[in-house]
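Sharing a structure below in structure tokens format, with a few things to ask.
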Amino acid sequence: MARNQCLSRLTILLVVICLIISVVGCKSLTQKTEPAEIVYGLTLIPSGIDPHIHASSELGIPLRSVYDTLVYQDLETREFVPGLAESWDVSPDGLTYTFKLRQDVTFHDGTAFNAEAVRVNLERILDPAANSLKAAQLLGPVQEVRVDSEYSMTIVLSKPFVPLLDGLSQPYIGMASPAALSEYDVEIYQFHQVGTGPYRFVEYIVNDRLVLERNVDYNWGPSVVVNPGVPKVDRIVFRFFTDPASRALALQSGDAQIMGELLPTDARYLSDEEAVQLVSVGIPGQPLQFLFNTAQMPTSSLEVRQALLLATDRQAIVQSVFQGYSPVAYGPLSSTTLYYTPSVEGYYAYNPVQADALFNSTGWIDSDDDGWRDDLGAPLEIVLVVPPWGLAPEVAQLLESQWESVLKVQVQIKQVASFPMLSDEANKGEYNAISLNFAGLDPTVLNSFFLSDGMRNWSRYTDPELDDWLLAAQAEMDPGLRAGLYRLIQERIMEQALVLPVREYVNLNGVQPEVHGLHFDIQGWYPYLVDLELSP
Amino acid sequence: MKTFHLVRLFWLACLSSLIALALFAPCLASFDPLYADPLNQFAPPVREHPLGLDQLGRDVLSRVIWGARSSLLAAALSTVFAIGLGLAIGGAAGLLGGWVEGFLMRSVDILLAFPGLLLALVAITILGDGWWQAAIAVGLSLAPLYARLVRAAMLSVREELFIEAVYALGSSHWRMLWCHLLPNAMRQLTAMATVVYAWALMNGAALDFLGVTGSPSIPSWGRMISEGRAFLNIAPLIAVVPGVMLTFSVVAVMGLSDSLQVRLG
């Protein structure tokens, strides 16, 4: 009996040992055959990810590689190079763009790419019912999209629009499969996107993940990438790290191999560690800025706006909040944007004495000696509206401290949670300054902010001359004349103190050492995932 | 008996010192909690700044002291609101009985089915974000709890023989509530109120942590923990000190509540 028991125990022990060995063995086997996968950390959850419709910069990070664009722009030469379009011609009057398309391209669903597909895509974007927030603006005054033959097509403009090629090179005008576009409703398509790019869109689960898998048929990459063929990394999983404090930790623990928008303090700390490489990318377009509301007291006064600018120590903000990783911004455009004017750097250097004097000249003074300037007996108040991203709340708190101590005005900060809430506040108009900036290499990014009838004229500023310049500049074919117009525009915006620029946007990416080949397109936000490699 | 007295005295002293901190914040804090010196961010503790400077170069000690003011005061406002509403609902249910009781208590049950924080967030969405809105929202989220406790206390008193006698003598509902039910339930209700206060402190801090209580610059412990945790490896005091203060306050309130219950019960 005792011997039997002993035997059966031995058997059990043997079985258990065998099981453990087989499990461990299997694990090491599966590890060998496991596909190469990279987890890429995104930093906010876009309110929608249909590139034709939504405007978030975040959506382009994965989707740049799901879609190809008609043209690409070379980072060094700033020349446009062929993408899905093999070649193109622009008529001398700048109204007609004729494209000859590649004939060897197929969508991820197997359908062929041709001129008709381009027409369907562009008309989808231009359809007013689609409510396109960005792509339609990038296309400008398109009058007609004409299919000339199977592989050639023409875009006809009603007015010359120079940045058309720049728009066509951005992921917002990526070419989607017409079959997929007609299969799904407008709201549903974003979960089933089909393009021609090096990566296939596999799934998007809001708040959780977005998965891409490589397109094994891909061999039509543009000259701006190193590897024009099939990507080396099988799968890229995008996860959301909305809490900035969690990003460096995820990178260090290996939960993510690439992480965007690290906190500058964490980047400083990681750069000392050397276990993580930092890839910092300057983003052309608008800097982190506050738009002054010219329709709301007291920022309706030019002197008040100028005093607020003079009372802002931008250098201190950049040194502390951004750890010196970003250049100080001086005008409505970052210095990496086309036609940036260095002359704006002469405006509004930090000068508390002049700021105070200028504010005194407006008549808002501290009449009851309570330490605050007054308006009709109550302390004068400046209301700042800030979104949660881009460290805008931290910057706002420093503005509060600087303005309260230099100018003796009370500052109230209103933090909203999302882009729709920010738009709501903008439409209500009960703010003195609000923070929003768009990225973009071409200075037409200014149009929606500073045209009198612009969609984001949150400065509520009307200036027929500025309107004329902005419209003339987007139609001007001569680069020299265009640069001159943009110089006038940038100077006017700063003379009128319509914005408080704070820092040029820099995306601080952290990358684990085994990942190689991370590089970004000329717009700064969008990586060419096709070039990523994992060292064993 | 004597030790209980001493314990109660100890917790009372702790709580009073916290309240004193809140009341006299303008005198006790040697710096403006909003004044930022960004070029000296993360400065380590020195005699002038015993807890150092935070990520924007503000004095951490002054912010902790001012944080006591907003955190304790908001919790007090929430508690008053929760008790007022809870007494009204629970009192009406306990006193009137019948379908009124059924209706009120089922409504309270429905509200209790949601986590308190979720209720508070819903309330903030409706009221808008701001300091007092957040306090009211926390109060609203705790009111169902208190209503239930009030009703339970009422029920136990209602069954007493002397209540029957009072009814027999022709007393009005109001007189019954005011002169008999409430005074007899008072000791339980007081102890419970302190528990509600502790909850209000924690829920208020949670809302601050989530950043839905209005301006990010008003110093509050929850907000300081939320912002400071990004810098734990550089300047741990920014988040740790407000965390310790919050824990200490909740423990002090709970300790007082316990000792009160021992004495009263």
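Order of the sequence lines sets the chain letters (A, B, ...), proteins ahead of strands, with each chain counted from 1.
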Let me know if A:Glu400 has heavy atoms under 4.5 Å from chain B in its side chain, its backbone, both or neither. side chain
Decide if atom CH2 of B:Trp66 counts as having more than 12 heavy atoms of other residues, nucleotides or ligands within a radius under 6.0 Å. yes
Where do B:Ala230 and A:Leu263 come nearest, in terms of heavy atoms and distance? CB-CD1, 3.5 Å
Show your reasoning for whether side-chain contact (heavy atoms from CB on, under 4.5 Å) applies to B:Gln55 and A:Gln397. CA-CA 11 Å; B:Gln55 68 278 11; A:Gln397 290 178 61; 5.8 Å; no
Minimum heavy-atom distance between B:Ala36 and A:Leu398, given as atom pair plus value: CB-CD2, 3.4 Å
B:Leu56 versus A:Glu394, closest heavy-atom pair with distance: CD1-O, 3.9 Å
Non-hydrogen atoms of chain A under 4.5 Å away: do they reach the side chain of B:Asn233, the backbone, both or neither? side chain
Looking only at A:Ala417, A:Ala245, A:Ser401, most heavy-atom pairs under 4.5 Å shared with chain B are made by A:Ser401
In terms of heavy-atom proximity below 4.5 Å to chain B, should A:Asp313 be classed as side chain, backbone, both, or neither? neither
Examine whether an atom of B:Ile234 lies under 4.5 Å from a heavy atom of chain A, and if so say whether it belongs to the side chain, the backbone or both; otherwise answer neither. side chain
Taking every heavy-atom pair that is under 4.5 Å apart, which of A:Gln323, A:Gln412, A:Gln402 has the most such pairs with chain B? A:Gln323
